[in-house]
Amino acid sequence: MSDASKSLNFLEELIEADLASGTHGGRVLTRFPPEPNGYLHIGHAKSICLNFGLGLKYGGGTNLRFDDTNPTKEEQEYVDAIEADVRWLGFDWKAVLFASDYFQTMYDYAEFLITRGKAYVCDLTEAEIRDYRGNFHVPGKDSPYRDRPVEENLDFFRRMKAGEFPEGAKVLRAKIDMQSGNMNLRDPLLYRIRHAEHHRTGAAWCLYPMYDYAHPVEDALEGVTHSICTLEFEDHRPLYDWVLEQDVEEQFFKRPLPKQFEFARLNLTYTVMSKRRLLELVKEGHVKGWDDPRMSTISGLRRRGYTPAAVRAFAEKVGVARRAALSEVALLEGAIREDLEKAAPRRMAVLRPLKVTITNLAEGEAHELTLANHPDEGFGTRQVTFTRDLYIERDDFEEVPPKKWFRLAPGAEVRLKGACLIRCEEVVKDASGQVVELRCTWDPASLGGDAPDGRKVKGTLHWVSAVHAVNAEVRLYDRLFTAEDPMDTPEGGDWRASLNPASLEVLTEARLEPSLADAKPGDRFQFERLGYFCADPDSKPGAPVFNRTVALKDSWVKAEAKG
RNA sequence: UGGGGAGUAGCCAAGUGGUAAGGCAGCAGGUUUUGAUCCUGCGUAUCGAGGGUUCGAAUCCUUCCUCCCCAACCA
């Protein structure tokens, strides 16, 4: 994948500069630090590919570290799902670690900060703290507890740990600068009391560290060299550095200290990308679950039929930079088409069946045909049966064909893929005028696909034999939102307003060629002329359910639209 | 009336003073038993705007404009 001519992104440049100057002794260690409070989405996939990619490229590896510092939100279920998603994407971590692994060290370092007069126990209420903090235009004012003596701070902090105080009664704060223009430096909270069961440490602690304190400590303890996060943490960088730099005698952290770098998070058109919004979609029933194929979650993409390689290729194509960007889903769709074009075996499937009778073929007469599984002969062949009763796609027939119509129409001749040429002789309608059957004749001389007399047909249709076909459910997905940026709502608007009511269409009458009868969940195919499809976990032997991953590009719809 | 960032074609994104890579999308044509794939060709990008420095500026200086992030005991 790495082409010598390919330019480096800014993080690779930074790392190579550090490597050249020997800043970290030639070492590179990155980390991917999810909070186990939800499922990973395509935005996380970008971060995973970035962090693990860098770890791989520069030989140092990457830690998977769960930032489990808030027991009220985190669960083991999410830990398991996140590990599975990272593995599915194809990455291997150097170690699986947890912020909770460091709770004792973090506590010890906090006592150290207190001892050095760098942190204090504050008794202000939550509302008071907010009030004292000021705002963008008004500087904060010092807490009345700011100059509490060291011994008193230590005593209170230990008693906080011992569980003597209720939640909210006291917090530990860094003593930095209540006047700072950077709100993060106005004596940020380091610890808060939570009498809650933690998914890993149980009831061992009732004191939990805040992200801004925990994160740099974790990175330093693990020897992370480049701590890569998204742009919104930019203003937190001075605090990240402050926390580590208080260790002046280097008792806690080895040098050099890790450094934080920020990149722009991924945004995709026609979708939402925050855990909170995704959770709302699930809870409010707009989708069927975290792994609904319309979701931008990794589990959703997987169920939709995306391959890990396609997601990785997408992450590579979208690039890394520091400017907030909104990437087009078309890039993601292009990535999966590109991968599946090479990898997916071809099959014939009729989504909306229209009956075709070959009138000059005897009842019971059958021709066994051999079809290639892929343009690449290495994929081998399979047998299908051509009989008198067939189904073709309803969309492939027009009673009054538009200009440049290559498909079937009264009197028109087309090729049935891998079979023969047929001509439409008669259109049968029901009482309501609906076309219910096409009576056609075939040219026996064209068996195999071409007419010996050299006459050409422009259209080739996919088809299945009625008696041999297996019935299936096929789910067609469209974008979940109709707005490019659902979050960019007009004044007072709700992002849900642009939810696409037609994002899912379930087809229950699809007919598939028999080789698809026992498709296993996760099996991917190209249904000729339609798109790429993936067998859903809802499939049963003999009763497959397919999800459309992405449709094939279709220049006919454009030509038709233009007239 | 604070602090921190960012502005290069429809969307991403290289470029780090020497005269604007690449990908995606789009358009046109060719091949084709998938209107797919594949192949070929196609973009005057006022490099956010003005001013300046320089033989030479997307790159340096300056003024201005626009957009994003920050006021959880979330991460």
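What's counted below: heavy atoms across the whole structure, side chains too, no hydrogens, waters or symmetry copies. In what follows, chains are A, B, ... by sequence order, proteins preceding strands, each numbered from 1.
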P-based separation of B:rG30 from B:rA9 [nearest Å] = 33 Å
inquiry  = Tell me whether A:Arg31 is salt-bridged to A:Glu222, with the criterion being a basic N under 4.0 Å from an acidic carboxylate O.
reply    = no
Nucleotide of B:rG35, B:rU34, B:rC74 approaching A:Arg194 most closely (side-chain heavy atoms) = B:rC74
ask   = Is any side-chain heavy atom of A:Asp131 closer than 4.5 Å to a side-chain heavy atom of A:Leu124?
value = no
ask   = In whole Å, what separates the C1' atom of B:rG2 from that of B:rC12?
value = 33 Å
ask   = When only distance counts, do a donor and an acceptor, one from the side chain of A:Arg346 and one from the base of B:rU34, lie under 3.5 Å apart?
value = yes
ask   = Taking the same atom, C1', in B:rG56 and in B:rG29, what whole-Å distance lies between them?
value = 41 Å
Check: A:Glu328 side chain, B:rG10 base, donor-acceptor under 3.5 Å = yes
ask   = Considering only B:rU34, B:rC12, B:rG15, which nucleotide approaches the side chain of A:Pro375 most closely?
value = B:rU34
request  = May I ask which nucleotide in the shown strands pairs with B:rU16, Watson-Crick or G-U wobble, both distances under 3.5 Å?
outcome  = none
key: 5' precedence on RNA chain B between A:Glu234 and A:Gly134 (nearest-nucleotide basis)   = A:Glu234
message = Just by distance, no angles: are the side chains of A:Asp67 and A:Thr69 close enough, under 3.5 Å, to form a donor-acceptor pair?
response = no
key: Rounded distance in Å between the C1' positions of B:rG35 and B:rA49   = 46 Å
inquiry  = Taking donor-acceptor contacts at under 3.5 Å, does the side chain of A:Arg237 reach the base of B:rG4?
reply    = no
ask   = Do the side-chain N or O atoms of A:Lys317 get closer than 4.0 angstrom to the phosphate oxygens (OP1, OP2) of B:rG22?
value = no
inquiry  = Can you tell me which nucleotide in B:rA14, B:rA75, B:rU37 comes closest to the side chain of A:Ala321?
reply    = B:rA14
ask   = Looking at the rings of A:Tyr39 and A:Tyr78, which for Trp means the six-membered one, are their centres under 6.0 Å apart?
value = yes
key: For atom CD of A:Glu262 and atom P of B:rC68, their distance in whole Å   = 19 Å
message = Starting the side chain at C-beta, find the nucleotide from B:rG35, B:rA72, B:rA75 nearest to A:Asp554.
response = B:rG35
task = When you get a sec, tell me which of B:rC70, B:rG35, B:rC12 is the closest nucleotide to the side chain of A:Ser555?
result = B:rG35
Watson-Crick or G-U counterpart of B:rA28, or none if no pair lies under 3.5 Å = B:rU40
ask   = Side chain of A:Thr297, backbone of A:Trp290: donor and acceptor closer than 3.5 Å?
value = yes
inquiry  = What's the closest nucleotide to the side chain of A:Phe136 if the choices are B:rG5, B:rC70, B:rA25?
reply    = B:rC70
